[in-house]
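One structure is given here, and the rest of the page talks about it.
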Number of protein chains: 2
Amino acid sequence: MSKQELKVLGRSDDVGACCSGLLTAPLDEDQAAELAKVFKALGDPVRLRLLSMIASRAGGEVCVCDLTPAFDLSQPTISHHLKLLRQAGLIDCERRGTWVYYWLVPEMTDRLAGILTRPAGEPLPARTAPAGAAS
Amino acid sequence: MSKQELKVLGRSDDVGACCSGLLTAPLDEDQAAELAKVFKALGDPVRLRLLSMIASRAGGEVCVCDLTPAFDLSQPTISHHLKLLRQAGLIDCERRGTWVYYWLVPEMTDRLAGILTRPAGEPLPARTAPAGAAS
DNA sequence: CACTTGCATTGATGACTGTCGATGCAAGAT
DNA sequence: ATCTTGCATCGACAGTCATCAATGCAAGTG
């Protein structure tokens with residue numbers, strides 16, 4: 001339940017590896033394609049809420065049966081969104097008896113946060129009085 | 001060129017304000033919908049590459065004429081992607097003579113990075129030996 | 001003025017996505 | 001074994017999206 005499924009991310013090193021930041025050097029096509037899959041998984045309000053419910057849960061994991069009733073959506077739809085989040089490497093899950101529990105993969109959110117963080121003390125080219133503006 | 005267009009984000013306070021983190025408390029529907037628009041804008045490889053090209057540019061801004069030839073896509077398509085990034089609040093632009101220049105809005109990427117960052121020294125509920133596993 | 005160049009907008013189209021009901025499957029209960 | 005419950009998968013359908021060619025518009029050039 002936790003290790004089959006097409007591993008969307010990384011062909012080899014996966015989560016921990018890769019690129020410093022999107023803001024410091026132009027992404028190449030492969031990096032961009034890989035990253036886009038993760039951001040696309042975050043690009044839906046239902047999945048964002050699911051992720052935040054899972055991530056903020058004391059104890060670190062949530063049973064699907066606690067997630068589904070929080071939405072005005074069918075159970076297959078929630079299951080589908082959870083699958084996408086898992087394929088993006090943002091969460092993982094495990095069956096335990098009758099129930100399935102999900103938890104956050106913090107390495108992935110850490111990686112995204114790092115990618116979106118600009119190196120401290122950047123020049124920050126004073127975007128206020130654009131040089132030769134059309135005056 | 002820089003201030004019309006439907007302001008996708010914030011109804012009032014916009015970028016700087018809002019929520020602490022997606023990882024600490026469940027997002028409500030409005031926050032999730034708002035955030036999802038920004039992540040959706042990042043969920044495309046072309047837009048990610050555009051953003052990284054703009055953000056990493058020395059001088060802080062890029063002319064569209066420098067961006068378009070870097071892709072195997074038509075000029076209207078690039079223009080469309082730039083529009084989406086701008087509507088998401090990630091970049092802004094200005095016409096200067098014949099050319100249009102784009103630059104990063106670092107407040108937005110900062111905000112996203114913050115949202116994806118978990119509070120330091122979190123319990124990190126030892127996901128290794130799942131309690132009552134199906135043994 | 002007409003002509004050219006840089007970029008945005010429009011309209012069309014094929015591909016993808018979110019959603020559902022129906023179904024399948026695993027595991028505990030009887 | 002049969003029934004029930006929890007969740008995933010399947011197939012279908014409507015809505016959204018990425019892309020293009022055609023066109024429009026702004027601004028510099030002759």
Side-chain angles (χ1 to χ4, degrees), chain A residues 1-6 8 29 32-33 36-37 39-50 54 61-88 91-102 132-135, chain B residues 1-6 8 29 32-33 36-50 54 61-88 91-103 132-135:
Chain A
M1 176 68 75
S2 298
K3 40 173 126 51
Q4 71 277 50
E5 286 296 337
L6 63 150
V8 160
E29 287 190 54
K37 288 176 188 166
F39 281 125
K40 192 176 299 182
L42 293 175
D44 180 279
V46 173
R47 289 194 290 271
L48 275 182
R49 290 180 59 204
L50 281 168
I54 294 171
E61 37 182 50
V62 195
C63 175
V64 176
C65 60
D66 288 332
L67 295 172
T68 306
F71 295 85
D72 207 26
L73 293 170
S74 71
Q75 173 268 318
T77 298
I78 299 298
S79 188
H80 173 241
H81 284 304
L82 288 171
K83 181 178 182 177
L84 292 186
L85 285 172
R86 189 155 55 89
Q87 290 181 337
I91 60 177
D92 202 356
C93 68
E94 177 182 78
R95 177 167 215 123
R96 208 170 303 152
T98 309
W99 297 277
V100 176
Y101 293 86
Y102 280 81
S135 55
Chain B
M1 179 65 76
S2 298
K3 42 174 123 51
Q4 70 277 49
E5 285 296 337
L6 65 152
V8 159
E29 287 189 54
K37 288 177 189 166
V38 185
F39 281 125
K40 191 176 301 183
L42 293 174
D44 180 280
V46 174
R47 288 194 291 270
L48 275 182
R49 288 181 61 204
L50 281 169
I54 294 171
E61 38 182 49
V62 195
C63 174
V64 175
C65 59
D66 288 332
L67 295 172
T68 306
F71 295 84
D72 207 24
L73 293 170
S74 70
Q75 173 267 319
T77 298
I78 299 299
S79 188
H80 174 243
H81 284 305
L82 288 171
K83 181 178 182 177
L84 292 187
L85 286 172
R86 190 155 54 87
Q87 291 181 336
I91 60 178
D92 202 356
C93 68
E94 178 181 77
R95 178 168 213 123
R96 208 171 302 154
T98 309
W99 297 277
V100 176
Y101 294 86
Y102 281 81
W103 59 86
S135 57

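Chain letters run A, B, ... following the sequence lines, proteins first, then strands; residues in each count from 1.
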Within the pair [X] and [N], is there a side-chain N or O less than 4.0 Å away from OP1 or OP2?
X       : N      : value
A:Ser74 : C:dC20 : yes
B:Thr77 : D:dA18 : no
B:His81 : D:dT19 : yes
B:Thr98 : C:dG6  : no

What integer distance in Å separates [X]:[atom1] from [N]:[atom2]?
X        : N      : atom1 : atom2 : result
B:Ile78  : C:dT9  : CD1   : C1'   : 16 Å
A:Asp44  : C:dC16 : CG    : C1'   : 14 Å
B:Lys40  : C:dT17 : NZ    : P     : 11 Å
B:Arg95  : C:dG6  : CZ    : C1'   : 7 Å
A:Leu82  : D:dG6  : CG    : C1'   : 13 Å
A:Tyr101 : D:dG6  : OH    : P     : 11 Å
B:Leu73  : C:dA8  : CG    : P     : 15 Å
B:Tyr102 : C:dG6  : OH    : P     : 16 Å

Could you walk me through whether A:Thr77 and A:Phe71 pass the side chain to side chain contact (heavy atoms under 4.5 Å, CB included) test, one step at a time?
-> CA-CA 10 Å; A:Thr77 298; A:Phe71 295 85; over 6 Å; no
Comparing nearest nucleotides in DNA chain D, the 5'-proximal residue of the pair A:Ser79, B:Val46 is A:Ser79
Heavy-atom side-chain contact between B:Ile54 and B:Leu82 under 4.5 Å | yes
Which residue lies more 5' along DNA chain C, comparing A:Arg47 with A:Gln75 via nearest heavy atoms | A:Arg47
Within 45° cone of B:Tyr102 ring axis and under 6.0 Å: B:Arg86 NZ or CZ | no
If you look at every strand shown and take non-hydrogen atoms under 4.0 Å, does B:Leu84 touch a base, only sugar-phosphate, or nothing?
-> sugar-phosphate
Closest contact, heavy atoms only, B:Leu84 versus B:Arg47 | CD1-NH1, 3.3 Å
Does A:Thr68 reach the main-chain N or O of A:Val64 with its side chain, forming a donor-acceptor pair under 3.5 Å?
-> yes
